[in-house]
Structures are given as structure tokens and as C-alpha cells.
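Here the structure comes first, spelled out in C-alpha cells, and everything after it is commentary.
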Amino acid sequence: MCVRRGAASVALPTLAAMFLGCAACDRGSEAPPPAPAPAPPATQTSKPEVTVQRVGVPSNLKADEDVRLLPAVAVRDGDGWRVDLRAWVFEPEEDAWLRGAAVDGLVAALGLPPGSESNAVFRRRAHAFLVDNESGKRVVVRIGHKEHVLEVSGANGHSETRLRLDDADLSAPLTPVTAVLRPGDARSFTGTIVRLDPASVSVVSDVDDTIKISEVRDKQRLLERTFLMEFEAVPAMAALYRRWADAGASFHYLSASPWQLYDALLEFADAAGFPAGSMHLKLFRPKDSSFFSLFQDPKSYKAPLLRALITGAPGRRFVLVGDSGELDPEVYADAYREFPDHVVAIYIRDVTDEGRDAPRYRTAFAGVPEARWQIFDDAAEVPPTLP
């Protein structure tokens with residue numbers, strides 16, 4: 001199988017080998033960061049509502065290191081909220097000679113014309129896989145009027161920290177998270193926390209071939225649409241989701257895509273008009289994983305995430321949206337059978353030309369009431385109101 005542009009082609013194993021050969025470097029652990037200083041006593045001001053409870057230290061990021069505060073969810077925990085907040089620290093290394101040469105070699109092998117869209121897109125996407133993940137980094141964030149010190153980053157540049165927040169910290173369904181940087185560092189790194197109120201509705205949406213045309217079943221086309229083409233939205237899905245968002249729904253985007261595509265996916269979702277929400281992607285280190293694990297079936301990845309969302313918000317209703325290209329029907333039907341009082345609707349976009357009466361669906365949705373699931377070709381077929 002080859003990726004082709006014009007007369008040039010490169011075999012997928014060659015593409016994989018070249019990616020792995022210049023894979024992201026993971027720095028060794030740095031000395032443990034100093035313990036945060038105690039927060040100074042609150043000072044009475046004329047506007048106490050904007051007083052920030054500080055931890056006394058900023059993030060220890062260098063000027064050439066970036067952080068991504070990945071969208072998260074907050075679930076009820078007693079009289080407060082529990083949030084598992086993930087951060088990813090890396091050095092882009094955009095000017096590194098070795099990585100630049102590697103990308104140039106891939107561009108030449110793919111035959112991507114200078115100045116073409118495919119050339120520009122590939123360079124952006126490839127660089128995201130060739131960053132230096134930074135270990136031992138302390139990230140400090142501000143949520144509401146409080147600062148929090150996150151766990152230091154591991155070898156893959158990621159850290160995950162369980163925070164307990166108060167109602168006052170999460171005063172809206174979507175709450176921004178902001179990195180606290182060193183004095184003089186004017187950059188801005190922000191994320192989002194989605195608050196899961198027990199009595200509301202969550203829309204859990206697949207990404208590839210549900211809201212973004214990916215052609216997952218054709219690995220050659222999947223590679224092209226992932227690395228050589230601007231992302232393309234499935235027609236009318238953003239408008240449908242906005243109607244649901246206006247009615248009070250929260251959104252959670254589950255994808256087997258790796259975190260290296262986070263920036264590209266976020267840019268795509270914003271430009272296409274999809275509502276903001278939590279995003280759940282797959283950890284992928286080229287040096288530890290097969291390149292082709294990018295394209296493995298996502299059932300074992302998605303099912304636990306979906307279960308965690310549902311169990312984390314008792315009383316909440318869930319609408320599950322996916323496509324027939326992989327195993328969304330099977331994963332979602334299993335979720336209904338496990339949580340029949342929570343999963344109120346399943347919508348599957350047809351990309352395999354199988355009618356509702358196809359043996360696959362009759363097997364997958366055995367025991368699921370007919371009114372709870374729908375196969376659709378066009379977003380206009382999906383009810384505009386939430387169940």
C-alpha cells in the first residue's frame with residue numbers, strides 16, 4: 001500500500017520507519033522540583049471576589065517549552081467536584097536540524113510539491129510527532145480564583161493530577177484552566193473543564209467519520225486525510241451539535257487519534273463550529289509503539305472511557321453519536337446494555353452502506369429498544385431536539 005501524490009509514492013512501512021527513526025526524544029528526569037511555598041494569607045481588597053489564592057511558585061517551563069492543558073471533566077464528589085487534569089509538556093524543536101532533515105526527507109519521498117497545501121499540512125502534522133517530550137516539569141494552573149500545582153510530567157511529557165474543586169471554582173458548565181508562567185513570560189496556555197451536572201445531558205461523539213471525514217476503512221486514504229489534507233467536516237454535523245448545545249448539552253469527543261493531533265483537531269473543531277467540550281485522545285509514543293497502532297481498532301480504548309463518563313455522573317443522560325466504519329455500534333450497544341437508564345439515544349452515521357436491518361446491526365443492538373438507536377446518512381435525519 002502506498003501514499004501517492006502526483007507521480008510520487010512511498011510505501012506505508014517506509015513512512016512508518018522514517019517516523020520511528022526520527023521519533024520524539026524523551027529527556028531524562030530532572031531534579032525534583034522544589035515544594036511549593038505555602039499560600040500567602042488572603043489580603044482584603046475592595047473586590048474580594050477576584051482575590052486569587054496563590055501557591056507561591058509558577059510553572060517551571062523554559063521559554064522554548066510548551067504545555068497543553070487538555071480538556072477534562074468534573075464529576076460530583078460529595079459536596080465538591082473531582083477533576084483528573086492532564087497536562088502535556090514538550091519542546092517543539094521546530095528548528096532542530098535532525099528533525100528538519102527528517103521532515104524534508106519525508107516530503108521528498110512523498111513527492112509533495114513546494115508551496116502545495118499537502119506540503120504545508122504534512123510539515124505541520126509531522127512536526128507534532130517529532131517534539132521533545134519534557135519530563136520532571138511542574139505545571140501550576142489557575143482555576144477560578146485558586147492556583148494548583150500539578151504532578152510533575154513523566155517520560156512521555158504527560159502528567160495527570162486529581163484535583164478536588166468547590167462549587168465556586170466551577171461556576172459555569174465550561175470553566176477555563178490557565179497555566180501560571182514565570183514573570184515576564186507573556187505566552188498563554190489554556191484548557192477547559194466541563195462540569196457534569198447530574199441532571200443534564202452529555203453528547204459523547206466519535207471524531208473520525210462522525211464529525212470529520214477520515215475514511216478510516218481505507219488506510220491509504222486515512223493516511224492522506226490525516227497527514228496530507230486539511231481536515232474536512234461531515235456536512236451539517238456542527239449545526240446539529242450547536243442546536244443541542246443551545247439546549248444545554250455538554251460534549252465529549254472520544255477518538256483513537258493520538259494526542260499529537262490535539263492542536264490540529266482543536267483548530268478544526270473551532271473553525272467548523274463544533275461546540276467546545278472535553279477531548280479524549282490516545283497516548284502514543286513512537287519509540288514505544290508501532291506506528292500502525294494509530295490505526296488499530298479503538299474498541300478497547302473507547303469502552304473504558306465511555307464507562308468512566310457514565311459512572312462519574314449518576315442521573316445524567318447520555319446521547320452517543322458515532323459511525324459504522326469501525327465498532328461504534330457495538331461499543332455503544334454494550335454501553336446501553338450496561339447502563340440502560342443513562343444511555344437515552346444512539347445515532348450511527350452510515351459509512352458502510354448497511355441498512356438498519358443488516359445482520360450486523362441486528363446482532364449489535366440485540367436487546368436495545370428500537371426507539372433508542374438510529375442509523376443515518378444525513379445529519380438532517382437526526383432529531384434536532386435532545387431526547
Side-chain angles (χ1 to χ4, degrees), residues 1-6 8-24 68 70 88 90 92 99 102-113 116-131 205-235 237 253-272 274 279-287 289-298 301-302 322-328 349 351:
M1 184 182 296
C2 297
V3 178
R4 299 181 182 275
R5 274 297 175 270
S9 67
V10 61
L12 295 188
T14 301
L15 179 60
M18 295 178 76
F19 257 112
L20 295 174
C22 55
R68 295 294 180 267
L70 307 174
W88 174 27
F90 60 91
R99 287 166 175 77
V103 173
D104 287 343
L106 283 166
V107 167
L110 290 166
L112 306 180
S116 66
E117 176 184 285
S118 57
N119 187 312
V121 170
F122 181 80
R123 288 179 181 278
R124 292 200 309 271
R125 306 267 166 84
H127 272 297
F129 285 83
L130 304 176
V131 300
S205 175
D206 178 53
V207 174
D208 292 307
D209 288 325
T210 299
I211 66 171
K212 177 175 72 69
I213 298 174
S214 302
E215 301 183 72
V216 168
R217 300 174 71 223
D218 182 333
K219 299 312 180 192
Q220 177 176 329
R221 288 294 292 164
L222 173 61
L223 270 178
E224 293 175 354
R225 286 193 173 275
T226 300
F227 292 105
L228 303 179
M229 302 169 64
E230 297 290 0
F231 292 156
E232 180 182 357
V234 172
M237 290 298 290
Y253 300 99
L254 269 59
S255 173
S257 295
W259 281 114
Q260 286 89 336
L261 292 177
Y262 170 70
D263 284 353
L265 288 171
L266 187 63
E267 179 183 351
F268 154 76
D270 288 344
F274 286 99
M279 191 171 289
H280 309 264
L281 306 179
K282 183 170 62 178
L283 282 173
F284 173 80
R285 289 175 80 196
K287 67 186 298 181
S289 307
S290 163
F291 180 80
F292 292 100
S293 69
L294 284 173
F295 312 118
Q296 288 175 349
D297 183 89
Y301 168 78
K302 286 185 179 179
D323 64 87
S324 63
E326 292 186 298
L327 293 177
D328 289 346
R349 179 174 178 258
V351 297

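All values below come from the heavy atoms of this structure, side chains included, with hydrogens, waters and symmetry mates left out.
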Among residues at least two apart in sequence or on other chains, which ones pass salt bridge (charged side-chain N to carboxylate O under 4.0 Å, His left out) with D206? K302
Which salt bridge (charged side-chain N to carboxylate O under 4.0 Å, His left out) pairs, counting each pair once, include a residue from residues 255-272, with sequence neighbours left out? R68-D263
Please report the interatomic distance CG(D208) to CD1(I213), rounded to the nearest 0.5 Å. 11.5 Å
What are the two closest non-hydrogen atoms of E230 and R124, and how far apart are they? OE2-NH2, 2.9 Å
I'd like to know if E224 and K219 make a salt bridge, using a cut-off of under 4.0 Å between side-chain N and carboxylate O. no
State, to 0.1 Å, how close R125 and L261 come at their nearest heavy-atom pair, and which atoms those are. CD-CD2, 4.0 Å
Heavy-atom closest pair (V131 atom, H127 atom, distance to 0.1 Å) is CG1-O, 3.4 Å
State whether K212 and E232 are salt-bridged, where the test is any N-O pair (Lys NZ or Arg NE/NH1/NH2 against Asp/Glu carboxylate O) under 4.0 Å. no
Parallel, tilted or perpendicular for F231 and F268, by the 30°/60° rule? perpendicular
Rounded to the nearest 0.5 Å, how far apart are OH of Y253 and CG of L281? 12.5 Å
Is T210 close to D328 at the side-chain level, that is, under 4.5 Å between some pair of heavy atoms? yes
Decide yes or no for W259 and F90: does some side-chain heavy atom of the first lie under 4.5 Å from some side-chain heavy atom of the second? no
Does the side chain of D209 come under 3.5 Å of the side chain of S214 through a donor N or O and an acceptor N or O? no
Residues F274 and M237: closest non-hydrogen pair is CE2-C, 3.7 Å
If I take atom CG from residue L266 and atom CE from residue M279, how far apart are they, to the nearest 0.5 angstrom? 5.5 Å
To the nearest 0.5 angstrom, please state how far the CD1 atom of I211 sits from the CG atom of L265. 8.0 Å
Interatomic distance, L130 atom CG to Q260 atom CD [nearest 0.5 angstrom]: 9.5 Å
Please test E215 against L222 for side-chain contact (heavy atoms from CB on, under 4.5 Å), starting from the C-alpha separation and ending with a verdict. CA-CA 5 Å; E215 301 183 72; L222 173 61; 5.7 Å; no
What is the distance from atom OG of S257 to atom NZ of K282, rounded to the nearest 0.5 Å? 8.0 Å
